Amino acid sequence: MAPIIDQLVDKLKGTVDKLEARVAELEARLEGRDGTSSSPASDDGVRMIIMGPPGAGKGTQAPRIKDKYRVCHLATGDMLREQVSKKTELGRQAKKIMDQGGLVSDEIMVNMIKHELENNTECKNGFILDGFPRTVAQAERLDSMLSPRSQTLQHAVELQIDDGLLVSRITGRLIHPASGRSYHKIFNPPKEEMKDDVTGEPLIQRSDDNADTLKKRLSTYHDQTGPVVGYYQRTGIWRGIDASQEPGQVWKSLLGIFNDDKSSVSAQAGNLMSKLGLQK
Ligand SMILES: Nc1ncnc2c1ncn2[C@@H]1O[C@H](COP(=O)(O)OP(=O)(O)O)[C@@H](O)[C@H]1O
C-alpha cells in the first residue's frame with residue numbers, strides 16, 4: 001500500500017511543481033519581465049472580436065488594437081469592398097447585397113475568414129475581427145474553426161451607441177479605400193478636401209453610406225447581430241463600451257478592458273497559489 005501512496009505523493013509533487021512553474025511564467029509575462037516583450041502584454045497577441053452598429057467606430061479603434069498587439073485586423077466589409085473594386089464575381093454579387101443593407105451568405109464569410117486565419121502570416125500572433133461574426137451561425141463556425149487549434153476567443157467587445165447618433169456619422173463619412181482610414185466631413189475633416197492626409201490619394205463616400213441604406217443596415221444589425229451579443233454574454237467574454245464618447249475616450253475604455261483582464265488573470269493565479277497552499 002505504502003509504495004502506492006509514495007508514488008501518488010511524488011506524482012502530486014510533480015504536478016504542483018509544474019503548476020508553480022506555469023504560474024511564475026504567467027506572472028512574469030504579465031509583468032513583462034520574461035524578456036519576450038518590451039512593453040507588458042503588448043506583443044503577447046490577442047484573439048478578439050469588435051462589434052457594433054455601422055458608424056460605431058470599429059474601423060477607428062481596430063487598427064489601434066492591431067498595432068498594440070501586433071495581430072491581424074480582418075475587416076470583412078473591407079475585404080468585400082476589395083472584391084467589388086477588383087470586379088470579381090463575388091464582388092459583383094456582394095455589391096448588390098451591401099447596397100441593399102443585407103448580409104452576404106454565412107458560407108462565403110466563414111470561408112473568407114478561415115482562409116485568412118490559415119494563410120495570413122500577420123494572424124500568427126492573434127487577430128481582431130471587425131464585421132465578423134455577424135450572425136450566431138458565424139459565431140458558432142468561428143468557435144469550431146478555433147477549437148482544433150486549442151484556441152478560444154478572449155474578448156468580444158461591443159461598441160454601444162444609439163441609432164440616432166449614427167445617421168450624421170455615416171452620411172458624412174469619407175474613406176481612403178487602400179488603408180481603410182476614415183474621415184468625417186465635419187467631425188474629422190481631411191487636411192485637404194477629399195484627399196487622404198497620409199498619401200494624398202482621393203477619398204470616397206461608400207455607396208452604402210446613405211440614410212436609406214443605413215436604415216436597413218441598422219435593422220439588419222439589430223435583428224441578426226443583436227443575438228451574437230447574447231451568444232458572447234453567455235460565454236462570459238462580452239464587454240460593452242459607450243461608443244458615443246470621442247475616439248480617445250473609447251480607446252481608454254478599451255484599454256480598461258484589457259487591463260482588467262490582466263488583473264483578473266493575476267488574481268486567478270493568486271487564488272490558485274493560495275488553494276495549493278503556495279502563497280508566498
Ligand atoms: N460577416 C458578414 N456577414 C455577412 N455580410 C457581411 C459581413 N461583413 C460584411 N458584410 C457585408 O458588407 C457590408 C459592409 O460591411 P462593413 O464595412 O463592416 O459595414 P458597417 O459599416 O455596416 O459595419 C455589410 O452591410 C454586409 O452587407
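Only this structure's heavy atoms are used, side chains among them; waters, hydrogens and symmetry mates stay out. Both counts, for ligands and for their atoms, begin at 1 and track the order of listing. Note that the coordinates shown come from a computational prediction; the quantities given were computed from them, not determined experimentally.
- Scanning the protein for heavy atoms near atom 22 (O) of ligand 1, the closest one is Arg217 NH2, 3.0 Å.
- The existence of a salt bridge linking Arg239 and Asp260 is confirmed by a sub-4.0 Å separation between a basic side-chain nitrogen and an acidic carboxylate oxygen.
- Evaluation of the ring pair (Phe, Tyr, Trp, His ring centres under 6.0 Å) test over residues 187-235, restricted to residues two or more places apart or in two chains, returns His184-Phe187.
- Distances from ligand 1 to the non-hydrogen atoms of Arg173 include at least one value under 4.0 Å.
- Within the model, atoms CG of Asp208 and CZ of Arg206 stand 4.0 Å from one another, a figure rounded to the nearest 0.5 Å.
- Considering backbone and side-chain N/O of Gly101, none are found under 3.5 Å from N/O of ligand 1.
- A donor atom on one side chain and an acceptor atom on the other are not found under 3.5 Å apart for Thr171 and Lys185.
- Between Arg181 and Asp196 there is a side-chain heavy-atom pair separated by less than 4.5 Å.
- Nearest protein neighbour of atom 10 (N) of ligand 1, counting heavy atoms only, is Leu80 CD1, 3.5 Å.
- For atom 3 (N) of ligand 1, the nearest protein heavy atom (residue, atom name, distance) is Gln138 NE2, 3.0 Å.
- Closest to atom 16 (P) of ligand 1 by heavy atom, among Lys58, Met112, Lys95, Arg134, is Arg134.
- Looking at residues two or more places apart in sequence or on another chain, you find a side chain to side chain contact (heavy atoms under 4.5 Å, CB included) between Gln151 and Arg47, Leu146, Arg149.
- If you check which protein heavy atom lies closest to atom 19 (O) of ligand 1, you get Arg206 NH2, 3.2 Å.
- Side-chain N/O atoms of Glu116 and Asn120 include a donor and acceptor closer than 3.5 Å.
- At a 3.5 angstrom cut-off on N or O pairs, Met98 does not count as close to ligand 1.
- Nearest heavy-atom pair, Arg173 versus Asp209, reported as atom, atom and distance to 0.1 Å: NE-OD2, 2.9 Å.
- Backbone and side-chain nitrogen or oxygen atoms of Val104 are examined, and one is located within less than 3.5 angstrom of a nitrogen or oxygen of ligand 1.
- Which parts of ligand 1 touch Arg81 is read off a 4.0 Å heavy-atom cut-off, strictly below it: atoms 14 (C), 17 (O).
- Polar contact check, Thr76 against ligand 1: a nitrogen or oxygen pair lies under 3.5 Å apart.
- When the options Pro54, Gly52, Gly131, Gly102 are ranked by their closest heavy atom to atom 25 (O) of ligand 1, first place goes to Gly102.
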